[in-house]
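Counting from 1, the numbers follow the sequence of the chain as shown.
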Amino acid sequence: MLEEMTTFYCSIQHQDEKSTSDKVLFNHCHDNYEIIYVLKGKTNCILNNKKYLLPERSVFIIPPFQYHNIELISDIFYERIILQFKKDLIPTSILKKFHDNLQNIQTANSENILIIFQKLLLLIQQKNSEDYHVLAHCKIIELIYLLADYKEPTVSQELSMSPLTLAIIDYIDQNLYTKITLQQIAQSVLSSLSNITHTFKADMQTSIQQFALQKKME
């Protein structure tokens, strides 16, 4: 099921699905802020070189130009709201405060934040008119203020990844502006081609080549 509201400044999607096997939706990055609210179930999110478990009623925040993907867990129903909004929607007076505070939080689950997502869900289920767009913008701005002032400890659960994968990511990050080959990476991390490709794929659910290309595009 997909319900969506799209305006010039934002996109709000309500999605749900159940995977019969472990599955990655897609690997990507974009120039918008993205916030995922997990309504039901749970999922994993890979953000740059870290993997997080997103439980039910959690809010996960992804800044612009951050490589990420969603990994569905076999036989678990996953329902979410995906909110993307442009920098232009953030009031200028709190832009720096909002952006700086995102460095300190990854997930948030205060009751006020959850209430806003419940209201956004009601809005996208209504007639998709300009009046509802204005209301949606108001709710998103309210959410931005809450996140700019959010001081509670992060509740994200970081999942373990292989040290080899982390070393590969570190090498790619340090060589983004040069041509990178698998042979160079294998030599750098003191491992074989087959081992680095297998280990990286298992952790990141994408190939080394695709990951490096996406990072260069960022």
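You'll find the side chain of Tyr37 stays beyond 4.5 Å of the side chain of Ile82, heavy atoms only. Counting heavy atoms from C-beta outward, Arg57 and Glu111 have side chains that approach closer than 4.5 Å. Using a 4.5 Å heavy-atom cutoff, the side chains of Ile140 and Tyr9 are not in contact. Within the 4.5 Å cutoff, the side chain of Thr181 has no heavy atoms near those of the Ile185 side chain. In this structure the side chain of Ile70 never reaches within 4.5 angstrom of the side chain of Asn44, judged on heavy atoms. Side-chain contact between Ile141 and Pro91 is present, with at least one heavy-atom pair separated by less than 4.5 Å. Residues Leu213 and Gln209 fail the side-chain proximity criterion, which asks for heavy atoms closer than 4.5 Å. Residues His14 and Glu4 fail the side-chain proximity criterion, which asks for heavy atoms closer than 4.5 Å.
One hydrophobic cluster, built from ILVMFWY side chains closer than 4.5 Å, cannot hold both Leu164 and Leu190; they sit in different ones. Clustering ILVMFWY residues whenever any of their side-chain heavy atoms sit less than 4.5 angstrom apart, transitively, puts Ile115 in a cluster other than the one holding Phe60. Tracing side-chain contacts under 4.5 Å through hydrophobic residues (I, L, V, M, F, W, Y), one never reaches Val134 starting from Leu83; they form parts of separate clusters. Both Ile90 and Phe8 are part of a single hydrophobic cluster, where members link through side-chain heavy atoms under 4.5 Å apart. Follow the hydrophobic side-chain contacts under 4.5 Å out from Leu122 and you never reach Leu135; the two are in separate clusters.
Summarising the local packing, NE2 of His198 is surrounded by 12 or fewer heavy atoms from other residues, nucleotides or ligands at distances under 6.0 Å.
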Quiz item: Do Glu56 and Ser58 pass the side-chain hydrogen bond (donor to acceptor under 3.5 Å, both in side chains) test, and can you show the C-alpha distance, the side-chain angles, and the key distance before you say yes or no?
Solution: CA-CA 6 Å; Glu56 192 167 299; Ser58 65; over 6 Å; no

Practice problem: Take Tyr52 and Leu47 through the side chain to side chain contact (heavy atoms under 4.5 Å, CB included) test and state the conclusion after the steps. | Solution: CA-CA 8 Å; Tyr52 300 92; Leu47 179 62; 4.2 Å; yes

Exercise. Apply salt bridge (charged side-chain N to carboxylate O under 4.0 Å, His left out) to the pair Lys97 and Asp149, showing each step before the final yes or no.
Key: CA-CA 8 Å; Lys97 181 181 180 181; Asp149 291 328; 2.4 Å; yes

Practice problem: Quick one: do Ile113 and Leu147 satisfy side chain to side chain contact (heavy atoms under 4.5 Å, CB included)? Show the steps, please. | Solution: CA-CA 8 Å; Ile113 290 175; Leu147 291 175; 3.8 Å; yes

Quiz prompt | side chain to side chain contact (heavy atoms under 4.5 Å, CB included) between Ile196 and Ile168, worked out | solution = CA-CA 8 Å; Ile196 66 171; Ile168 294 170; 3.7 Å; yes

Quiz prompt | Trace of the side chain to side chain contact (heavy atoms under 4.5 Å, CB included) decision for Ile124 with Tyr132 | solution = CA-CA 8 Å; Ile124 64 176; Tyr132 289 107; over 6 Å; no

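Side-chain contact of Ser11 with Gln13: a donor-acceptor pair under 3.5 Å is absent, judged by distance alone.
By the 30° and 60° cut-offs, the orientation of the rings of Phe211 relative to Phe200 is perpendicular. By the 30° and 60° cut-offs, the orientation of the rings of His99 relative to Tyr33 is perpendicular.
The side chain to side chain contact (heavy atoms under 4.5 Å, CB included) test applied to Ser192 returns Ser194, Asn195, not counting sequence neighbours. With sequence neighbours left out, Asp173 forms a salt bridge (Lys or Arg N to Asp or Glu O under 4.0 Å) with Lys215.
Asn32 places no side-chain N or O within 3.5 Å of a backbone atom of Cys10 that could act as its donor or acceptor partner. Side-chain atoms of Asp16 never come within 3.5 Å of backbone atoms of Arg80 as a donor-acceptor pair (strictly under, hydrogens ignored). Between the side chain of Ser188 and the backbone N or O of Gln184 there is no donor-acceptor pair closer than 3.5 Å. A donor-acceptor pair under 3.5 Å is absent between the side-chain atoms of Gln174 and the main chain of Tyr171, judged by distance alone. Of the possible polar contacts, one joining the His68 side chain to the Gln66 backbone as a donor-acceptor pair under 3.5 Å is found.
To the nearest 0.5 Å, the span separating CG on Leu39 from CZ on Phe77 amounts to 9.0 Å. Within the model, atoms CD of Glu79 and OG1 of Thr43 stand 13.0 Å from one another, a figure rounded to the nearest 0.5 Å. We find the NE2-CZ distance between His30 and Phe65 to be 10.0 Å, quoted to the nearest 0.5 Å. Atom OG of Ser93 is separated from atom OH of Tyr145 by 4.0 Å, given to the nearest 0.5 angstrom. With values rounded to the nearest 0.5 angstrom, Cys138 atom SG is found 11.0 Å from Ile116 atom CD1. Between atom CD1 of residue Ile12 and atom CZ of residue Phe85 there is a gap of 11.0 Å, rounded to the nearest 0.5 Å.
Across Ala148 and Ile94, no two heavy atoms sit closer than the pair CB-CD1, 4.4 Å. Residues Tyr78 and Ile36 come closest through the heavy atom pair OH-CG2, 3.6 Å. For Leu120 against Ala136, the heavy-atom pair with the smallest separation is CD2-O, 4.0 Å. Heavy-atom minimum distance, Leu121 versus Glu3: CD1-OE1, 4.5 Å. Of all heavy-atom pairs spanning Leu54 and Cys45, the tightest one is CD1-CB, 3.7 Å. Looking at every heavy atom in both residues, Thr199 comes nearest to Ser162 through CG2-OG, 3.5 Å.
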